[in-house]
Q: 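For reference, the structure I am asking about is given below.
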Amino acid sequence: MRKLATVRKVIDIAPIPGADAIECVTVDGWKVVSKKGEYQIGGNALYLEVDSWVPEALAPFLCKDKREFNGVSGARLRTIKLRGQISQGLLLPVPEGASEGDDLTGMLGIQKYEAPIPADLQGIMKGPFPSFVRKTNQERIQNLVAELEEWVDAGLEWEVTEKLDGSSLTAYLFQGEFGVCSRNLDLLETAGNSYWKLARDHKLEQLLRASGRNLAVQGELIGPNVQGNPYGVGAPQLHVFDVYDIDQGRYLTSPERMALLDGAGLLHCPVLGTQNLAGASVASLLASAEAKSALKAGTEREGLVFKCLSADVSFKVISNKFLLGEKAI
Ligand code: ATP
Ligand code: MN
Ligand code: MN
């Protein structure tokens, strides 16, 4: 489970020009607008990340519109702008007895908000997501401040791809068995399921069998009904972003992945190039994430995913411009 509510150290507090009741508080790489005087630099605060579904009792002031998620009345934390200052998530006083680093997500009844899944994507469960493949999660750069400093110092090179806003697909071949999964489930093959249709249309089973290895291809399914189809495509498409080597327990590097996919006729998430992180900060990376999508003119891109060329690490940088433009729920 994602750690959505954690006790963190306040590293900076800055005034907001023209605002005297509020200020901008920094915890790790996150900026959160809060009431003035609530927190002190060097002190602790309970930080709730964006996409938290916060029960009404914890933050009644956010719940003027009555909304429910999984039967819990509450509100989704979003990215907002207050007096020109970006604010992501929510700070609350540290509950009695909790200390820095504690994860209170479960205890406080906080859930990760997920948009409803359209019928053709839902599918029928064959089993849980297989334990021999890694789930397609990426950590946010705001939670990687210390790591970023190390990566900058080490001068590592990274593949930079556009993060597409669709739904995650995994197709695996393991010990002779081929399977297709959504983000969290191994799916039964049915005629109407979009994940399986794409796997069949693109002959992913043949591709994996021809490799003679135990591998999983992972990509983003975009299409009508998926996340509001921001790219305006007429039919579902698969854009590959990773290949996982099951036997070695690691992702293929970018060149290895490209070699494996060469000639297979698959689409790949837009590759924007390789770059080292010289001089990069959370702020500069967030700024560089803001741009139009390579898939559709005029559409704001969701963000970037950085994958290291020499180590099995990666992270995502979500565009605040994209987040500010998201539909409210
Ligand atoms: P949610 O907002 O529901 O958490 P998310 O897309 O932000 O969804 P994360 O795990 O936070 O999910 O980010 C990783 C996901 O991004 C992957 O599961 C994959 O579906 C998607 N993705 C899209 N484009 C890329 C890309 N170029 N490289 C890696 N992952 C990508
Ligand atoms: Mn996310
Ligand atoms: Mn996504």
Side-chain angles (χ1 to χ4, degrees), residues 1-4 49-53 69-70 76-79 88-89 105 110-118 121 129 133-144 158-171 180-185 194-195 198 216-223 225-231 233 236-244 251-254 257-258 261 266-275 286 288-289 291 293-296 299-309 312-320 322-323 325-327 329:
M1 192 170 63
R2 197 166 128 196
K3 295 180 181 177
L4 292 165
E49 251 184 52
V50 284
D51 289 340
S52 295
W53 185 261
F69 176 66
N70 287 340
R76 173 191 177 186
L77 296 184
R78 325 175 42 81
T79 299
Q88 298 192 281
T105 311
I110 290 165
Q111 308 175 70
K112 158 102 192 309
Y113 173 79
E114 303 273 5
I117 305 170
L121 286 188
F129 193 89
V133 186
R134 239 187 265 167
K135 277 198 188 180
T136 57
N137 290 328
Q138 296 294 339
E139 183 59 281
R140 291 167 165 66
I141 191 63
Q142 289 96 331
N143 289 329
L144 297 168
W158 304 75
E159 174 199 59
V160 187
T161 55
E162 177 175 339
K163 185 171 190 293
L164 297 179
D165 185 19
S167 195
S168 169
L169 175 154
T170 295
V180 177
C181 312
S182 60
R183 172 92 172 259
N184 294 311
L185 298 178
S194 294
Y195 297 96
L198 279 172
V217 171
Q218 302 190 308
E220 195 77 350
L221 186 168
I222 62 172
N225 297 327
V226 187
Q227 305 285 85
N229 195 10
Y231 314 102
V233 297
Q237 296 182 352
L238 176 67
H239 294 255
V240 174
F241 53 76
D242 260 321
V243 177
Y244 186 71
Y251 280 107
L252 299 192
T253 62
S254 173
R257 179 191 337 123
M258 297 308 179
L261 298 175
L266 291 168
L267 298 169
H268 194 283
C269 281
V271 180
L272 305 177
T274 62
Q275 108 181 28
L286 285 171
S288 74
S293 171
L295 287 198
K296 186 167 191 250
T299 293
E300 219 49 60
R301 74 174 170 219
E302 184 187 5
L304 301 173
V305 177
F306 287 71
K307 302 188 179 99
C308 188
L309 294 182
D312 198 3
V313 284
S314 59
F315 62 88
K316 66 178 172 180
V317 186
I318 304 288
S319 158
N320 284 326
F322 166 88
L323 291 172
E326 267 188 322
K327 277 203 292 323
I329 138 100

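Note that ligands are numbered from 1 as they come in the structure, with each ligand's atoms numbered from 1 the same way.
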Q: A216: what forms a side chain to side chain contact (heavy atoms under 4.5 Å, CB included) with it, not counting sequence neighbours?
A: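 So A216 forms a side chain to side chain contact (heavy atoms under 4.5 Å, CB included) with V133, T170, Y172, Y244.
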Q: Just heavy atoms, cut-off under 4.0 Å: does Q218 contact ligand 1 by side chain, backbone, both, or neither?
A: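 The answer is neither; Q218 stays 4.0 Å or more away.
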Q: So for atom CD1, which belongs to I117, do other residues, nucleotides or ligands contribute more than 12 heavy atoms lying within a distance under 6.0 Å?
A: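 Counting neighbours around CD1 of I117, 12 or fewer heavy atoms of other residues, nucleotides or ligands fall under 6.0 Å, so no.
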Q: Does V243 offer a backbone N or O that forms a donor-acceptor pair with the side chain of Q218 under 3.5 Å?
A: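 No; zero donor-acceptor contacts below 3.5 Å.
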Q: Could you work out, with ring pair (Phe, Tyr, Trp, His ring centres under 6.0 Å) as the rule, every residue matching Y195, not counting sequence neighbours?
A: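 Y195 satisfies ring pair (Phe, Tyr, Trp, His ring centres under 6.0 Å) with no other residue.
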Q: Give a yes/no verdict on whether any heavy atom in K112 is under 4.0 Å from an atom of ligand 1.
A: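 It does, in that a heavy atom of K112 comes within the 4.0 Å cut-off of ligand 1.
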Q: Would you check if the side chain of K307 reaches a backbone N or O of F241 as a donor-acceptor pair within less than 3.5 Å?
A: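 Yes; judged by distance alone, with no hydrogens or angles, the pair exists.
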Q: Considering both backbone and side-chain atoms of L164, is one of its nitrogen or oxygen atoms within less than 3.5 Å of a nitrogen or oxygen in ligand 1?
A: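 Yes - when backbone and side-chain N and O of L164 are compared with those of ligand 1, one distance drops under 3.5 Å.
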Q: Where the closest heavy atom to atom 19 (C) of ligand 1 is concerned, which of E162, K163, Q227, E220 has it?
A: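 When every heavy atom of E162, K163, Q227, E220 is considered, E220 comes closest to atom 19 (C) of ligand 1.
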Q: Can you tell me if K135 has a non-hydrogen atom under 4.0 Å from ligand 1?
A: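 Under 4.0 Å: no for K135.
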Q: Using heavy-atom distances only, which candidate in T170, T136, D242 approaches atom 18 (O) of ligand 1 most closely?
A: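 Heavy atom nearest to atom 18 (O) of ligand 1 belongs to T136.
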Q: Does ligand 1 have an atom under 4.0 Å from some heavy atom of R183?
A: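 A heavy atom of R183 does come that close to ligand 1.
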